[in-house]
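Residue numbering restarts at 1 for every chain, and letters A, B, ... go by the order of the sequence lines. The structure presented is a predicted model; accordingly, all values stated were derived computationally and were not measured.
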Number of protein chains: 2
Amino acid sequence: MTRPSVSLIGSFRRHYAEVLEAAQLFTDAGMVVKSPPMSRIINHGHEFVRFECDPPMSSDHAIQAATMEKIFSSDVVYVVNPDGYIGRTTAYELGRVHERGLAVFYAEPPKDLPIDIPEGTVVDARSLAKIIGGEGAPPDPVRRPRVAALPTADIVIFTIRFNRLHVLLVKRGTDPYRGRLAIPGGFVRPGESLEDTARRELREETGLNDAGIRLQQLRTYSHPQRDPRGRIISTVFLAITPDLPEVAGASDAHRADWVEVEESLWGHNSSLAFDHGEILQNGLEHVRRLLEHTTIGVDFCGELFAISDLRKVYEAVWGFELNSGNFQRKVRKTTGFVVKTNKVRSSRPGAPAELFRRGTAGILYPPMMRPRQRGRTGTP
Amino acid sequence: MTRPSVSLIGSFRRHYAEVLEAAQLFTDAGMVVKSPPMSRIINHGHEFVRFECDPPMSSDHAIQAATMEKIFSSDVVYVVNPDGYIGRTTAYELGRVHERGLAVFYAEPPKDLPIDIPEGTVVDARSLAKIIGGEGAPPDPVRRPRVAALPTADIVIFTIRFNRLHVLLVKRGTDPYRGRLAIPGGFVRPGESLEDTARRELREETGLNDAGIRLQQLRTYSHPQRDPRGRIISTVFLAITPDLPEVAGASDAHRADWVEVEESLWGHNSSLAFDHGEILQNGLEHVRRLLEHTTIGVDFCGELFAISDLRKVYEAVWGFELNSGNFQRKVRKTTGFVVKTNKVRSSRPGAPAELFRRGTAGILYPPMMRPRQRGRTGTP
DNA sequence: AGAATAGTGTCTATGAGACAGTATATG
DNA sequence: CATATACTGTCTCATAGACACTATTCT
């Protein structure tokens, strides 16, 4: 059980004595005071207060940003406004805090600010400290703080190049993790669903037109500290494309590139930005499983493909060699998997291969099981 | 392509002429001005401005809440501050708008407010109107508006009662959808991951201690209009419990109850709140598939169970009758599925049943396929 | 005794896996 | 010609599915 934390906001210029007093009360009650830093004020008289511990060269707004971080990391916000007065900076902070859904309490009802003051949120510091620090159940706004987050859609885009599984990664151009590889994705914009965002990002990153590329959700990653910029929740989608030479680099500002999956996961110099290593691993396992009971393997192939192309897909994704003859039989017999055309391909040595198109089935029945015990070769 | 929209904020008391002028410019450029309402001011001289069209009896903060809705629904926010001055209300609005990640432009650099003013965001109304309404690509802050959302974790909790699949639903006590049945869930609180939230809600709704109930993610629902209260993004989890008589109603305020799944999906008087009908359907299909390749079926059983109990689970979830003999063979032969104990049960007519415990395997290999073509009976 | 349930045995069809063999292309 | 590839055929083994049968309990 971690100790409850609180941040104090208000006009430090006018009410610093009361702030210190309240901070002392909260500390005595066993709480952590995240902000303000209990440090000496060095610019008395100014509207924006600076503390001794603040980095002296940084701008007001840099210090303010750091303060907001501390405020957001606390469980409760307490507004120290003994005369009801709330300054512009405090009003701004209140706006951000409200939008995040943190629990807010006030020393006095705020004057001249058109905000809702729920019942029970005007309370003196001593009572609040007792309520939160003490044993009793905290009042409603404390029990039900909500947190707002920025949702993003990230896409694990797989393809096969040179008979190996590749994933599309972008090199980050900005902090955090500047220069590291990351899974492409972006923030949800007004009016978009996560699926909309994913499709837009897919277009932007790959330069592909919508055509045909299907997206499916994998998982949502929401660990509170997964992104140092703040509360960002990423829903990850899976996309699969055939090997398209013109794709990489066709994107906007940040360069996108195909990277071999094994290399990006286990190679030296490979650690991805954020938790994207874990995401990629989960994506890999997912697509491996999908090949077992769905027809998604054909998404790796172009419109026309030979059975051996499809086999190469399975071999690349699973990392197993499969028996060519048995694979043929299996694929041809499973209804709806592939549809024969009257075309053949005879560009390389060997017998000419019949060409196929994708079938209508989405699910393989019976499934194409990957061999479980190592060492054995054999069909799916 | 919908027309781009803008909201104007700033001290209407001091700068209403400039606000009207800017609004006219934006309108002429083909944009929609969402706020302020182009209406007459009726309380000249007051800090908080009221318009003729505002509902006269409502409080300041109710009007402000409505205004925030309009602001949030616009693509761009323009701060009308010809002298740089920003009032408290505007500072509050700015805080909320920043936290939402909307694109903000300023007439002048804001004075005495410690916020970051990105390059290119101080621009006069005429230029902004031309940039946004015109053909050219809008500048960065316009192209990349972000949207903040309130994440929730909802849980589809299945169990089996009287040999039928049931789901735990709550009756909503508040609007919207007051009185309708809904899938239990709740908002993410500060410091929680979605998984944390789901586990807490599971505890709160079912009154169960953590013990043993496993949670897994199903999908995230993010349609922009899925919740009339605003932008709420729900990640849905799946939980399975054995039939526990003491569960229902053991929860807090809102009553939770087991409802038969078929009834809640297809029965008359059955439509669930929000998009929860769709969610439940997807959850049902998911658990049906999980029974095929995982050992999750044993989660429906208590600690000790007979093979026939497990068969009843499969029959209830799949809606098929299975051949008892073949099911026996299959379950006993699949390594890791169940572990024999030395206990037997002989309470009902029939031969005494050997009792089993869950095995260590999580995945069934080979899988237990449900019969695809109707009419045929037989084992999985 | 009769009904209900647990569990085993048996037969058949099907498919997986291994591998041989044939046909047809390239170089 | 050698070689690579595509595809078919055949054999074995494992399992699914159907069903008969026995054993054991409760009413």
Side-chain angles (χ1 to χ4, degrees), chain A residues 163 291-293 301 304-315 318 320-335 337-338 340-356 364-380, chain B residues 163 291-293 301 304-315 318 320-335 337-338 340-356 364-380:
Chain A
N163 289 333
L291 284 193
E292 294 192 301
H293 9 262
C301 305
L304 288 176
F305 54 90
I307 304 249
S308 63
D309 297 334
L310 190 56
R311 195 187 73 234
K312 294 267 165 56
V313 167
Y314 275 82
E315 291 176 338
W318 282 351
F320 286 106
E321 296 235 323
L322 299 180
N323 181 289
S324 131
N326 293 336
F327 189 85
Q328 289 266 351
R329 228 187 324 108
K330 171 73 185 175
V331 171
R332 296 171 105 102
K333 280 210 303 193
T334 306
T335 55
F337 199 173
V338 296
K340 203 162 162 174
T341 67
N342 51 10
K343 304 201 176 65
V344 295
R345 179 185 64 190
S346 54
S347 49
R348 341 173 200 185
E354 300 181 83
L355 291 180
F356 293 79
L364 287 182
Y365 187 83
M368 175 99 75
M369 301 302 282
R370 59 183 142 159
R372 275 299 187 282
Q373 59 272 56
R374 277 270 179 159
R376 251 171 128 183
T377 153
T379 322
Chain B
N163 289 334
L291 284 193
E292 293 191 303
H293 352 268
C301 305
L304 287 177
F305 54 90
I307 303 250
S308 64
D309 297 334
L310 190 55
R311 195 188 71 234
K312 293 268 166 55
V313 167
Y314 275 83
E315 291 176 337
W318 282 350
F320 286 105
E321 295 237 322
L322 300 179
N323 179 290
S324 131
N326 293 337
F327 189 85
Q328 288 265 353
R329 229 189 321 109
K330 172 73 185 173
V331 170
R332 298 171 103 104
K333 280 212 304 194
T334 306
T335 56
F337 198 174
V338 297
K340 203 163 159 176
T341 67
N342 51 11
K343 304 201 177 62
V344 295
R345 179 184 64 191
S346 52
S347 49
R348 341 174 201 187
E354 300 180 85
L355 292 179
F356 294 79
L364 286 183
Y365 187 83
M368 175 99 74
M369 301 302 284
R370 57 184 144 159
R372 274 300 187 279
Q373 58 273 55
R374 277 270 179 159
R376 250 171 127 184
T377 154
T379 319

Roughly how many Å is it from CG in Leu364(B) to P in dT15(D), rounded to a whole number?
13 Å
Among dA16(D), dA6(C), dT10(D), the one nearest any side-chain atom of Arg329(A) is dT10(D)
Any heavy-atom pair between the side chains of Phe305(B) and Arg345(B) that's under 4.5 Å?
no
Give, for atom NE2 of His293(B) and atom CE of Met369(B), the distance between the pair rounded to the nearest 0.5 Å.
6.5 Å
Looking only at the side chain of Ala353(A) (C-beta and beyond, no hydrogens), which of the listed nucleotides dA6(C), dA6(D), dT10(D) gets closest?
dA6(D)
Can you confirm whether Phe337(B) sits close enough to Lys330(B) that some side-chain heavy atom of one is under 4.5 Å from a side-chain heavy atom of the other?
no
Between Lys330(A) and dA16(C), is there a side-chain N or O to OP1/OP2 distance below 4.0 Å?
yes
Tell me whether the side-chain N/O atoms of Arg332(A) come closer than 4.0 Å to OP1 or OP2 in dT8(D).
yes
Atom CD in Gln328(A), atom CG in Leu322(A): separation rounded to 0.5 Å?
12.0 Å
Just the atom pairs and distances: protein N or O near nucleotides 24-27 of chain D's N or O, under 3.5 Å.
from	atom 1	to	atom 2	distance (Å)
dT24(D)	O2	Ala351(B)	N	2.9
dT25(D)	O4'	Gly350(B)	O	3.4
dT25(D)	O2	Gly350(B)	N	2.7
dC26(D)	OP1	Ser346(B)	O	3.3
dC26(D)	O4'	Pro349(B)	N	3.4

Give the nucleotide from the list dG17(C), dT15(D), dC7(D) with an atom nearest to the side chain of Asn326(A).
dG17(C)
Whole-Å distance between dG9(D) C1' and Asn323(A) CG?
13 Å
Gap between atoms CD and C1', on Glu354(B) and dT5(C) respectively (whole Å):
13 Å
By salt bridge (charged side-chain N to carboxylate O under 4.0 Å, His left out), Glu315(B) pairs with (sequence neighbours left out) Arg311(B)
Heavy atoms from C-beta onward define the side chain here; which of dC7(D), dA18(C), dA6(C) lies closest to that of Ile307(A)?
dC7(D)
Rounded to the nearest 0.5 Å, what separation is found between the CG atom of Leu355(B) and the CG atom of Asp309(B)?
8.0 Å
Whole-Å distance between dA16(C) P and Phe320(A) CZ?
17 Å
What integer distance in Å separates Arg345(A):CZ from dA4(D):C1'?
13 Å
Nearest-angstrom distance from the residue atom OH of Tyr365(A) to C1' of dA16(D):
9 Å
Any side-chain N or O of Ser308(A) below 4.0 angstrom from OP1/OP2 of dA6(D)?
yes
Could you tell me the separation between the CZ atom of Arg370(B) and the CG atom of Leu291(B), rounded to the nearest 0.5 Å?
8.5 Å
To the nearest angstrom, the NZ-P distance between Lys340(B) and dA6(C) comes to 15 Å
Send over the distance from Met368(B) CE to dA14(D) P, rounded to a whole Å.
20 Å
